[in-house]
Each structure stands twice: as C-alpha cells, then as structure tokens.
Student: 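The structure follows.
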Amino acid sequence: MHHDFNEEIRLPAAEIYAFMRTPADWTRLYGSFGDVVDRGDGWHAVPLRRFPFPLVARIIEDVPERAVAWEFRGFWRGTGGVNLTTTATGTLVTGYEDISIPRLAGLGRLIERRYLEPRFQAVWDSGWRRLRRMAAATSAD
C-alpha cells in the first residue's frame with residue numbers, strides 16, 4: 001500500500017509535529033489505535049482496532065518541527081515519513097507511507113488493495129480531520 005500526503009493545515013508546525021514525533025504520539029491523532037507497548041530500542045507496538053497484528057514501528061529520522069520518518073517491522077513492513085513546511089496560513093504536510101504484508105506474497109497485494117488500503121486511508125483521513133477541527137477551534141477562540 002502506498003499513500004502520499006499533501007495536506008495544508010492551519011496550525012503551526014510545532015502542534016502537528018507533536019502528534020507525529022513517536023509512534024506513542026500517533027494514538028492522540030488517530031482514533032483507530034489502542035494502547036502502545038514499548039518494545040525497547042525505539043520500537044513500539046501500536047495496536048490497530050479490528051486488526052490482529054499491531055504496527056511495530058520506530059522513528060528513524062526526527063528533525064523537530066520539520067520532518068519525521070519511521071519504519072515498520074514484523075507482520076507489517078515498510079517506511080513512511082512527513083515533512084512540515086511553514087506556509088503563510090499554517091503548515092504544509094507532505095510525505096508518504098508504504099506498508100506491505102511480505103509473508104503473503106501475491107495474495108498479500110490482493111488483500112491490501114481490497115481490505116487494507118481503504119482502512120489505512122480512513123485512518124489518515126481521520127487524522128487530517130482532527131487537525132483541521134483543532135485549527136478551526138483555535139481560530140474561533
């Protein structure tokens with residue numbers, strides 16, 4: 001599965017970065033995660049509701065308020081990252097996420113396309129909506 005991000009959010013980069021900087025922080029942004037388990041050496045198990053296997057992720061690049069990159073291991077494999085660029089009206093969030101299920105070979109791609117891609121897209125969409133609601137609430141104050 002591959003997702004590209006290109007979202008402008010009317011919040012400062014510092015506020016968006018706070019949700020992205022560690023897998024443990026992701027649960028504050030996305031409602032589809034359970035309690036994160038620290039696996040040591042920077043690895044965190046991030047349970048996905050209605051999925052039998054957690055995302056096991058660690059941060060591999062961290063430039064405060066500018067960029068965060070991560071990798072996955074275990075059942076899910078892949079990488080992802082975001083870049084935060086300050087704009088005149090907030091922050092442009094660009095980046096990507098690539099996730100695959102290598103153990104299932106050709107069948108894995110079919111399962112990804114049919115069942116998992118829509119679910120992962122919905123998770124990201126919920127995060128963008130949450131950030132936009134935060135921005136709207138901030139501007140209403």
Student: With the side chain counted from C-beta on, respond yes when His44 and Val56 share a heavy-atom pair under 4.5 Å apart, and no when they do not.
Tutor: no
Student: Rounded to the nearest 0.5 Å, how far apart are OG of Ser100 and NE2 of His2?
Tutor: 13.0 Å
Student: Can you check whether Arg132 reaches Ile9 side chain to side chain, under 4.5 Å on heavy atoms?
Tutor: yes
Student: Once side chain to side chain donor-acceptor pair (under 3.5 Å) is applied, do any residues pair with Thr89, and if so which ones, sequence neighbours excluded?
Tutor: Glu8
Student: Can you find a heavy atom in the side chain of Asp25 that is under 4.5 Å from one in the side chain of Thr27?
Tutor: no
Student: Taking atom types as modelled, is there a side-chain donor on Asn83 or Tyr96 under 3.5 Å from an acceptor on the other?
Tutor: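 No, no side-chain donor-acceptor contact under 3.5 Å.
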Student: Quick one: list whatever passes side chain to side chain contact (heavy atoms under 4.5 Å, CB included) with Asp35, sequence neighbours left out.
Tutor: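 Partners of Asp35 by the side chain to side chain contact (heavy atoms under 4.5 Å, CB included) criterion come out as none, since no residue qualifies.
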Student: Please check this pair: side chain of Arg28 against backbone of Met20, looking for a donor-acceptor N/O pair closer than 3.5 Å.
Tutor: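 No.
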Student: Looking only at heavy atoms, what is the nearest atom pair of Phe19 and Trp26, with distance?
Tutor: O-CD1, 3.4 Å
Student: Heavy-atom distance under 4.5 Å between the side chains of Leu131 and Ile16, does that happen here?
Tutor: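 Contact flag for Leu131/Ile16 side chains = yes.
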Student: Considering all heavy atoms of both residues, which atom of Leu84 and which atom of Ala13 are nearest to each other, and what is their separation?
Tutor: CD1-O, 3.8 Å
Student: Determine, step by step, whether Leu92 and Asn6 satisfy the side chain to side chain contact (heavy atoms under 4.5 Å, CB included) criterion, reporting the C-alpha distance in whole Å, the side-chain angles of both residues, the deciding distance to 0.1 Å, and the verdict.
Tutor: CA-CA 7 Å; Leu92 178 63; Asn6 188 8; 3.2 Å; yes
Student: Just verifying a value: how many Å separate Ile99 CD1 and Glu117 CD, rounded to the nearest 0.5 Å?
Tutor: 10.0 Å
Student: Indicate yes or no for a side-chain donor-acceptor contact from Thr91 to the backbone of Leu11 under 3.5 Å, with no hydrogens or angles considered.
Tutor: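 Looks like yes, one N/O pair under 3.5 Å.
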Student: Looking at side-chain heavy atoms only, is the closest gap between Pro23 and Val46 below 4.5 Å?
Tutor: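 They are in contact (side-chain heavy atoms under 4.5 Å apart), so the answer is yes.
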Student: State whether Glu71 and Arg77 are salt-bridged, where the test is any N-O pair (Lys NZ or Arg NE/NH1/NH2 against Asp/Glu carboxylate O) under 4.0 Å.
Tutor: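 The answer is no: the pair does not qualify as a salt bridge.
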Student: Between Phe72 and Thr79, which heavy-atom pair has the shortest distance, and what is it?
Tutor: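 Closest approach of Phe72 to Thr79, heavy atoms only: CD1-N, 4.1 Å.
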Student: Could you check whether Trp124 and Glu97, counting side-chain N and O atoms only, form a donor-acceptor pair closer than 3.5 Å?
Tutor: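 Per modelled atom types, Glu97 and Trp124 side chains form a pair under 3.5 Å.
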Student: Please check if the side chain of His3 supplies one atom and the backbone of Met1 the other of a donor-acceptor pair under 3.5 Å.
Tutor: no
Student: Answer with yes or no after comparing the ring centroid distance for Trp43 and Trp70 against a 6.0 Å cut-off, counting only values under it.
Tutor: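 Not under 6.0 Å, so no.
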Student: Going hydrophobic residue to hydrophobic residue with side-chain gaps under 4.5 angstrom, can you get from Ile59 over to Val82?
Tutor: yes
Student: Would you say that Asp62 contacts Tyr17 through its side chain, given a criterion of any heavy-atom pair below 4.5 Å between the two side chains?
Tutor: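 Yes, close enough: below the 4.5 Å cut-off.
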Student: By salt bridge (Lys or Arg N to Asp or Glu O under 4.0 Å), which residues pair with Arg66, not counting sequence neighbours?
Tutor: none
Student: Do the two ring centres, one from Trp76 and one from Phe53, sit under 6.0 Å apart?
Tutor: no
Student: Quick check against the 3.5 Å criterion: does Arg10 have a side-chain atom that pairs as donor or acceptor with the backbone of Met134?
Tutor: no
